[in-house]
J.: 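Take a look at the following structure, please.
Numbers here are sequence positions counted from 1.
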Amino acid sequence: MAVRSRPRRSAGHLYHLRLPRLLFLLPLALLLILFLGHLPALLRGANAHGRRCLPDATDHLLPFSHPLPDPRLSIAIVTLADEDAGRPGGRRSFRGVLAASARNKRAYAEAHGYGLVVLPASAVDPSRPPSWSKVLALRSHLRHHHWLFWNDADTLVTNPEIPLERILSSVIGYNDFDKSPDLVLTEDFGGVNAGVFFLRRSKWSEKFLDTWWNQTSFIQFGSTRSGDNAALKHLIDHLSAEEMQEHVRIAKMQCLFNSYPWTLTLKSVRRLIFHLPTTWKGVYSDGDFMVHFAGLDDKQGWTNKILRERGN
């Protein structure tokens, strides 16, 4: 018996079959484009949409009714930058950033009675990428203050009404300096972040800084990564449960003191889709305490943009 062959469909016939499908997908594509266009503004308004980075002072879950910290408690903000880090004027250069961010933090420190340590480029150890020198800076100033608040130079205080004591209390849960943990951090997509954190004066902190500095196998040259953050993450990941509980606290909300601006890129959209809670916890929104331009190019442009928005 002869087998009847199926008639071949012409290109025109296939076109007419696909056309309704294309017409159906077109509105969806337009809606997606419109949604992505409005997404940065929506995320910038995260706090207006109900996100809470800092619990209310009246929140019964936190003992803000306890006495405030001793007014003699010494807190200092510490920052450092090599202005020539990266290609000057090029990708992720710090050129012109430190002066502007230092003025911003000086005004905040003076308003709240904090110390401010702005270390010049000469304080950078030339044998390593500049970001490693934060360890040396903290080690040399730790004995002079009860708490040090480390900030990378590409950070700005954007809500100066929030005192550091309140941030610490919201993470630790109380105001007793003698019973406090020693290291207060935030987490982003890669784990703990070495760009903004608190460190308490203690023997444990001194030892931790020395151990961090000695993680020489993590040192990287010639890339946007220097290795200090990877070394910190390695140390935190290898603490025992007991030591972690006693000495380290990680804020539940990254935006408490280390918010990142959200920009429309393939990478940021992918993270939004697959890591929505992490994005929501860390995206910079109006009202946040501090913005950090971590991983962003044109740091000077971002610094100037945020300062203009704040009227500075």
J.: Centre-to-centre under 6.0 Å for Tyr114 and Phe149, is that the case here?
T.: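 That pair fails the under 6.0 Å test.
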J.: How many angstroms lie between CD1 in Ile219 and OG in Ser226, if you round to the nearest 0.5 Å?
T.: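 Going from the CD1 atom of Ile219 to the OG atom of Ser226 covers 9.0 Å.
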J.: Any donor-acceptor pair under 3.5 Å linking the side chain of Thr211 with the backbone of Lys207?
T.: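 Checking the backbone N and O of Lys207 against the side chain of Thr211, a donor-acceptor pair under 3.5 Å is found.
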J.: Is it true that, when you exclude Leu266 itself, more than 12 heavy atoms of the residues, nucleotides or ligands shown sit nearer than 6.0 Å to its CG?
T.: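 It does not: Leu266 CG has 12 such atoms or fewer within range.
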J.: Would you check if there is a donor-acceptor pair between the side chains of Asn151 and Thr79 at a distance under 3.5 Å?
T.: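 Side chains of Thr79 and Asn151: no pair found under 3.5 Å.
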J.: Output yes when a side-chain donor or acceptor of Asn304 lies under 3.5 Å from a complementary backbone atom of Gly301, and no otherwise.
T.: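 Such a contact is absent between Asn304 side chain and Gly301 backbone.
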J.: Quick check: does any side chain N or O of His247 sit under 3.5 Å from a backbone N or O of Glu243, one acting as donor and the other as acceptor?
T.: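 No: the side chain of His247 does not pair with the backbone of Glu243.
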J.: What's the shortest heavy-atom distance between Asn47 and Cys53, and which atoms?
T.: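 The answer is OD1-SG, 3.8 Å.
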J.: Is a donor from one side chain sitting under 3.5 angstrom from an acceptor on the other, for Tyr260 and Asn193?
T.: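 Yes, a side-chain donor-acceptor pair sits under 3.5 Å.
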J.: With Trp150 as reference, evaluate Ile77, Val117, Leu80 under the side chain to side chain contact (heavy atoms under 4.5 Å, CB included) test and give the passing residue.
T.: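 Going through Ile77, Val117, Leu80 one by one, the side chain to side chain contact (heavy atoms under 4.5 Å, CB included) with Trp150 is satisfied by Leu80 alone.
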J.: Within this structure, what is the OG-CD distance for the pair Ser240 and Glu246, rounded to the nearest 0.5 Å?
T.: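 Reported to 0.5 Å precision, the distance equals 9.0 Å.
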J.: Looking only at heavy atoms, what is the nearest atom pair of Ala231 and Gln215, with distance?
T.: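 Smallest interatomic distance, heavy atoms only, reads CB-CB, 3.8 Å.
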J.: Report yes if some heavy atom in the side chain of Val283 is under 4.5 Å from a heavy atom in the side chain of Cys255; otherwise report no.
T.: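 With C-beta onward as the side chain, the pair stays apart.
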J.: Could you grab the distance from atom OG1 of Thr158 to atom OH of Tyr284, nearest 0.5 Å is fine?
T.: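 Answer rounded to 0.5 Å: 4.0 Å.
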J.: Measure the OG-CG distance between Ser140 and Leu119 for me, rounded to the nearest 0.5 Å.
T.: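 Going from OG on Ser140 over to CG on Leu119, the span is 6.5 Å.
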J.: Does a side-chain heavy-atom distance below 4.5 Å link Asn159 with Met290?
T.: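 Heavy-atom side-chain distance check fails, nothing below 4.5 Å.
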J.: Distance-only, no hydrogens or angles: does the Asn104 side chain make a donor-acceptor pair with backbone N or O of Val157 under 3.5 Å?
T.: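 Checked: pair present.
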J.: So Leu42 and His49, do their side chains get closer than 4.5 Å, heavy atoms only?
T.: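 Yes, at least one pair of side-chain atoms sits under 4.5 Å.
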J.: Using a 4.5 Å cut-off on heavy atoms from C-beta on, say whether the side chain of His112 contacts that of Leu164.
T.: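 A side-chain contact is absent here, since even the closest heavy-atom pair is not under 4.5 Å.
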J.: For Ser74, does its backbone N or O pair with a side-chain atom of His146 as donor and acceptor, under 3.5 Å?
T.: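 Indeed, once roles are kept as given, a pair shorter than 3.5 Å links the two residues.
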J.: For Lys252 and Glu187, what are the C-alpha separation, side-chain angles and deciding distance, and is it a salt bridge (Lys or Arg N to Asp or Glu O under 4.0 Å)?
T.: CA-CA 8 Å; Lys252 293 180 179 179; Glu187 286 183 314; over 6 Å; no
J.: Checking side-chain polar atoms at under 3.5 Å, does Ser131 have a donor or acceptor matched by the opposite partner on Asp228?
T.: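 Yes, a side-chain donor-acceptor pair sits under 3.5 Å.
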J.: In Å and rounded to the nearest 0.5 Å, what is the CG to CD1 distance from Leu185 to Ile236?
T.: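 CD1 of Ile236 is found 5.5 Å from CG of Leu185.
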J.: Is the CZ atom of Phe221 crowded by more than 12 outside heavy atoms at less than 6.0 Å?
T.: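 Result for CZ/Phe221: enclosed.
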J.: List the atom of Gln220, the atom of Gly227, and the distance in Å for their closest heavy-atom pair.
T.: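 Nearest pair, atom of Gln220 first, then Gly227: NE2-CA, 4.1 Å.
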J.: Find out whether Phe293 and Leu156 are in side-chain contact, i.e. whether some heavy atom of one side chain is under 4.5 Å from a heavy atom of the other.
T.: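 A side-chain contact under 4.5 Å exists here.
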J.: So, do Phe197 and Phe257 have ring centers that fall under 6.0 Å from each other?
T.: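 Ring centres of Phe257 and Phe197 not closer than 6.0 Å.
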J.: In this structure, is the centre-to-centre distance between the rings of His141 and His145 below 6.0 Å?
T.: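 Aromatic pair excluded; centres sit 6.0 Å or further apart.
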J.: For residues Phe289 and Tyr108, establish whether the separation of their ring centroids is below 6.0 Å.
T.: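 Yes - the distance between ring centres of Phe289 and Tyr108 falls below the 6.0 Å cut-off.
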J.: The test is salt bridge (Lys or Arg N to Asp or Glu O under 4.0 Å); show your working for Lys134 and Asp152 and say whether it passes.
T.: CA-CA 9 Å; Lys134 72 179 65 160; Asp152 281 355; 3.5 Å; yes
J.: Kindly say whether Phe189 contributes a backbone atom to a donor-acceptor pair with the side chain of Thr278 at under 3.5 angstrom?
T.: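 Flag not set: sc Thr278 to bb Phe189 has no pair under 3.5 Å.
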J.: Centre of Trp262's six-membered ring, under 6.0 Å away, within 45 degrees of the axis: is that where NZ or CZ of Arg271 sits?
T.: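 Negative - Arg271 is either too far from the ring of Trp262 or too far off its axis.
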J.: Step by step, would you call Glu309 with Lys305 a salt bridge (Lys or Arg N to Asp or Glu O under 4.0 Å)?
T.: CA-CA 6 Å; Glu309 290 178 356; Lys305 175 179 181 294; 2.8 Å; yes
J.: Can you name the closest pair of heavy atoms from Ser101 and Ala153 and give their distance?
T.: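 So the minimum-distance heavy-atom pair works out to OG-O, 2.9 Å.
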J.: Checking Ser285 side chain against Arg44 main chain: does a donor-acceptor pair fall under 3.5 Å?
T.: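 Side chain of Ser285 to backbone of Arg44, a donor-acceptor pair under 3.5 Å: yes, one is there.
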J.: How about Asp182 and Phe208: do any of their side-chain heavy atoms sit closer than 4.5 Å?
T.: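 No, side chains not in contact.
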J.: Verify, without hydrogens or angle tests, whether Asn229 (side chain) and Ala194 (backbone) share a donor-acceptor contact under 3.5 angstrom.
T.: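 Judged by distance alone, yes, a pair lies under 3.5 Å.
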J.: Distance check, rounded to the nearest 0.5 Å: Leu183 atom CG versus Leu209 atom CG?
T.: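 One gets 8.5 Å once the value is rounded to the nearest 0.5 Å.
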